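Order of the sequence lines fixes the chain letters, A, B, ..., with proteins taken first and strands second; residue numbering starts at 1 for each chain. Predicted, not measured: the structure shown is a model, and the values here were computed from it.
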Amino acid sequence: GENVGLHLPTLSVQEGDNSIINCAYSNSASDYFIWYKQESGKGPQFIIDIRSNMDKRQGQRVTVLLNKTVKHLSLQIAATQPGDSAVYFCAENPNTDKLIFGTGTRLQVFP
Amino acid sequence: DAGITQSPRHKVTETGTPVTLRCHQTENHRYMYWYRQDPGHGLRLIHYSYGVKDTDKGEVSDGYSVSRSKTEDFLLTLESATSSQTSVYFCAIRAEGPYNSPLHFGNGTRLTVT
């Protein structure tokens with residue numbers, strides 16, 4: 001929604017630079033992780049996922065890195081574009097029916 | 001948007017009135033979810049469904065009920081709306097078992113309780 005960006009950490013990058021958004025997850029039993037992008041007034045949009053038997057997965061212009069030792073997840077966006085401006089958040093699945101969502105990071109891209 | 005339609009998109013209602021939000025999917029997915037999103041909080045699960053007439057509570061289920069009489073429709077009802085239920089509500093669907101695939105979300109319903 002429109003207010004989801006309030007009170008969130010913000011990452012500001014210049015168009016064309018690479019962006020790295022970080023997420024610390026909470027449950028050591030989590031074995032599946034997802035990154036979402038949310039634009040103002042829209043629902044969260046799936047970007048990429050990774051399972052715990054991997055430490056890296058690449059998509060189109062995006063890479064997710066998983067460090068299970070320190071329970072850390074990161075999303076790298078290559079050649080960031082103005083259309084990448086949004087709130088990004090991670091989700092973890094701790095072997096239950098329910099995902100746990102982070103609160104998100106707002107990415108601002110400047111020309 | 002993964003074949004998910006939420007209605008209405010916006011609603012203003014008064015405290016104490018009943019409200020029903022609808023989620024309709026065209027994907028024939030088994031799992032459906034209702035979340036609320038508020039500033040300073042991640043998405044919080046209200047209720048979910050793992051099949052027709054099969055539902056379970058999430059972490060913030062008090063004051064909400066759900067029904068799923070058909071695969072494609074999942075209704076969220078606020079029996080007596082309160083100001084604390086002012087929020088943006090998202091429906092989500094998932095095809096496979098919980099561990100195998102991501103949730104896909106609708107575009108939300110913005111509910112204001114005055």
- Please check if the distance between the ring centroids of A:Tyr88 and A:Tyr36 is under 6.0 Å. no
- Query: Between B:Arg9 and chain A, which part of the residue has a heavy atom less than 4.5 Å away: side chain, backbone, both or neither?
  - Reply: side chain
- Query: When you check the side-chain N and O atoms of B:Asp38 and B:Ser87, is any donor under 3.5 Å from an acceptor?
  - Reply: yes
- Okay, B:Tyr50 and chain A: the region with an atom under 4.5 Å from a heavy atom over there is neither
- A:Ser19 and A:Thr80: side-chain donor and acceptor closer than 3.5 Å? yes
- Message: Does this structure show an ion pair linking A:Asp49 with A:Arg57, if we count only N-O contacts that are shorter than 4.0 Å?
- Response: yes
- Bottom line for B:Leu43: the part with an atom under 4.5 Å from chain A's heavy atoms is both
